[in-house]
Novice: 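Dumping the structure here so I can ask a few things about it.
So that the names make sense, note that chain A is the first sequence line, chain B the second, and so on, each numbered from 1.
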Amino acid sequence: MKLVTWNVNSLKVRLPQVLQWLEMNPVDVLCIQETKLTDDKFPQAEIEAAGYQVVFTGQKTYNGVAIISRHPIEAVQKNNPLFEDEQQRIIAATIAGMRIICAYVPNGQALDSEKYPYKLSWLAALRDWVKAELEQHPQLALLGDYNIAPDDRDVHDPAAWEGMNLVSPAERAAFQALLDLGLSDSFRQFEQPEKTFSWWDYRQLGFRLNKGVRIDHVLLSKPLADRCTSCVVDRVPRKWEQPSDHAPVIATLD
DNA sequence: ATGGCTTGACATTCAAGA
């Protein structure tokens with residue numbers, strides 16, 4: 001069982017790469033973020049033609065999330081019922097007995113931006129909702145772009161980033177609060193190469209110089225974490241022409 | 001030096017991303 005998260009930064013631009021990647025990597029569940037498409041423009045037929053089911057919720061220009069699955073998709077929930085939000089950032093569904101939550105956490109922009117308190121309250125509401133979901137679905141996976149680098153190991157230059165958006169103590173505490181629900185950062189269940197990241201800036205040769213951050217995560221509840229045999233970042237599509245600035249993160253379960 | 005890419009939109013510059 002392979003569960004994947006990938007921020008595609010516009011599905012309109014990236015659809016050929018998503019289909020190419022799925023052909024090379026026949027996964028069970030692919031959660032994507034930043035589709036940037038209203039639902040009437042979503043390429044459902046193309047994804048179904050590739051042998052997958054898909055559910056999605058989007059809006060114009062910003063945000064938008066989808067779950068692509070090889071298995072039947074049931075009990076779809078769009079957005080957090082505990083948090084009124086016009087921004088389309090969450091879609092959840094039950095697939096193969098697992099509760100799958102695909103989340104695009106607000107970026108926050110900067111600590112003095114009005115988007116930063118929005119990010120923190122959004123994360124607090126996510127925690128409350130995931131807690132309730134866990135009580136109903138012990139087998140739960142929370143995949144997405146968290147816009148949080150949980151640890152200094154997850155930042156190419158921790159000194160330069162200290163106290164900044166993505167690494168601030170309040171954001172890291174919000175991430176820890178999710179782990180405290182009993183979730184496991186599947187990437188850290190295993191020995192990993194140093195300086196493994198999931199996002200690199202388009203500018204200033206960010207990818208070539210590996211100036212990145214690890215902000216895309218697969219969190220697993222205990223029953224799923226116990227079945228997890230690996231979690232890796234696939235850097236291959238980041239090297240393609242006109243890539244997303246994020247790479248897919250793949251968790252494999254027995 | 002807030003620059004440097006990339007995407008999308010009531011575009012022909014601006015907002016937003018991270």
Side-chain angles (χ1 to χ4, degrees), chain A residues 5-18 21 31-43 56-66 85-90 102-123 126 143-175 187 195-217 233 235 237-249:
Chain A
T5 183
W6 190 9
N7 179 324
V8 297
N9 186 18
S10 171
L11 187 58
K12 182 184 172 189
V13 174
R14 227 68 65 193
L15 178 64
Q17 296 194 20
V18 170
W21 190 83
C31 294
I32 61 177
Q33 302 86 36
E34 282 207 269
T35 58
K36 300 187 180 180
L37 289 172
T38 49
D39 290 352
D40 59 306
K41 298 218 168 74
F42 194 92
F56 46 86
T57 183
Q59 66 187 85
K60 202 172 183 178
T61 312
Y62 303 116
N63 309 312
V65 285
D85 193 359
E86 291 190 356
Q87 302 187 25
Q88 302 303 304
R89 295 179 172 278
I90 289 179
C102 171
Y104 175 45
V105 177
N107 173 281
Q109 199 167 59
L111 272 62
D112 60 0
S113 164
E114 63 191 15
K115 293 172 187 171
Y116 183 76
Y118 164 69
K119 178 180 193 174
L120 294 180
S121 49
W122 194 97
L123 282 162
L126 176 68
L143 303 97
D145 174 357
Y146 287 67
N147 273 314
I148 300 172
D151 191 276
D152 280 353
R153 291 176 292 175
D154 303 316
V155 182
H156 67 91
D157 185 349
W161 280 78
E162 189 176 356
M164 305 274 281
N165 191 49
L166 307 189
V167 306
S168 70
E171 291 167 86
R172 286 178 166 175
F175 186 83
F187 182 82
K195 300 193 180 300
T196 299
F197 307 123
S198 67
W199 174 86
W200 302 262
D201 202 311
Y202 284 125
R203 299 163 290 186
Q204 298 187 304
L205 304 173
F207 182 67
R208 201 181 300 180
L209 301 175
N210 196 31
K211 290 185 173 176
V213 287
R214 190 178 70 92
I215 55 176
D216 301 273
H217 310 299
V233 175
R235 295 165 53 99
R238 188 63 176 77
K239 301 171 188 171
W240 292 347
E241 278 204 28
Q242 203 177 12
S244 169
D245 41 2
H246 295 252
V249 181

Novice: Please report whether the ring centroid of A/Trp21 lies less than 6.0 Å from that of A/Trp6.
Specialist: yes

Novice: Judged by modelled atom types alone, do A/Glu34 and A/Tyr104 share a side-chain donor-acceptor pair under 3.5 Å?
Specialist: yes

Novice: In this structure, how many angstroms lie between the C1' atom of B/dT6 and the CG atom of A/Leu205, rounded?
Specialist: 15 Å

Novice: For A/Gln17 and B/dT6, give me the distance from atom CD to atom C1', rounded to whole Å.
Specialist: 13 Å

Novice: Taking atom NZ of A/Lys119 and atom CG of A/Asn165, what is their separation to the nearest 0.5 Å?
Specialist: 4.5 Å

Novice: Expressed as a whole number of Å, how far does the C1' atom of B/dA11 sit from that of B/dA16?
Specialist: 15 Å

Novice: With sequence neighbours excluded, tell me which residues meet side-chain hydrogen bond (donor to acceptor under 3.5 Å, both in side chains) with A/Gln17.
Specialist: none

Novice: Please report the distance separating the P of B/dG4 from the corresponding atom of B/dC10, rounded so that it comes out in whole Å.
Specialist: 24 Å

Novice: Does any N or O in the side chain of A/Arg214 come within less than 3.5 Å of the main-chain N or O of A/Phe187, such that one atom is a donor and the other an acceptor?
Specialist: no

Novice: In whole angstrom, give me the gap between the P atoms of B/dA1 and B/dG17.
Specialist: 26 Å

Novice: What protein N or O atoms touch nucleotides 14-18 of chain B N or O atoms at under 3.5 angstrom, if any, and at what distances?
Specialist:
| from | atom 1 | to | atom 2 | distance (Å) |
| --- | --- | --- | --- | --- |
| B/dA16 | O5' | A/Lys115 | NZ | 3.3 |
| B/dA18 | OP1 | A/Asn7 | ND2 | 3.3 |
| B/dA18 | OP1 | A/Glu34 | OE1 | 2.9 |
| B/dA18 | OP1 | A/Asp145 | OD2 | 3.3 |
| B/dA18 | OP1 | A/His246 | NE2 | 3.2 |
| B/dA18 | OP2 | A/Tyr104 | OH | 2.9 |
| B/dA18 | OP2 | A/Asn147 | OD1 | 3.4 |
| B/dA18 | OP2 | A/Asn147 | ND2 | 3.0 |
| B/dA18 | O5' | A/Asn107 | ND2 | 3.4 |
| B/dA18 | O5' | A/Asn147 | OD1 | 3.4 |
| B/dA18 | N9 | A/Asn107 | ND2 | 3.2 |
| B/dA18 | N7 | A/Asn107 | OD1 | 3.0 |
| B/dA18 | N7 | A/Asn107 | ND2 | 3.1 |

Novice: Answer with base, sugar-phosphate or nothing: what part of the nucleic acid does A/Arg14 contact at a heavy-atom distance below 4.0 Å?
Specialist: sugar-phosphate

Novice: Where each residue is assigned the nucleotide of DNA chain B containing its nearest heavy atom, which of A/Gln204 and A/Lys60 is assigned the position nearer the 5′ end?
Specialist: A/Gln204

Novice: B/dG8 P sits how many Å from A/Gln59 CD, rounded?
Specialist: 14 Å

Novice: Can you tell me how far C1' in B/dA18 sits from the matching atom in B/dT12, rounded to whole Å?
Specialist: 27 Å

Novice: For A/Asp40, is there an ion pair with A/Lys60 - N to carboxylate O distance below 4.0 angstrom?
Specialist: no

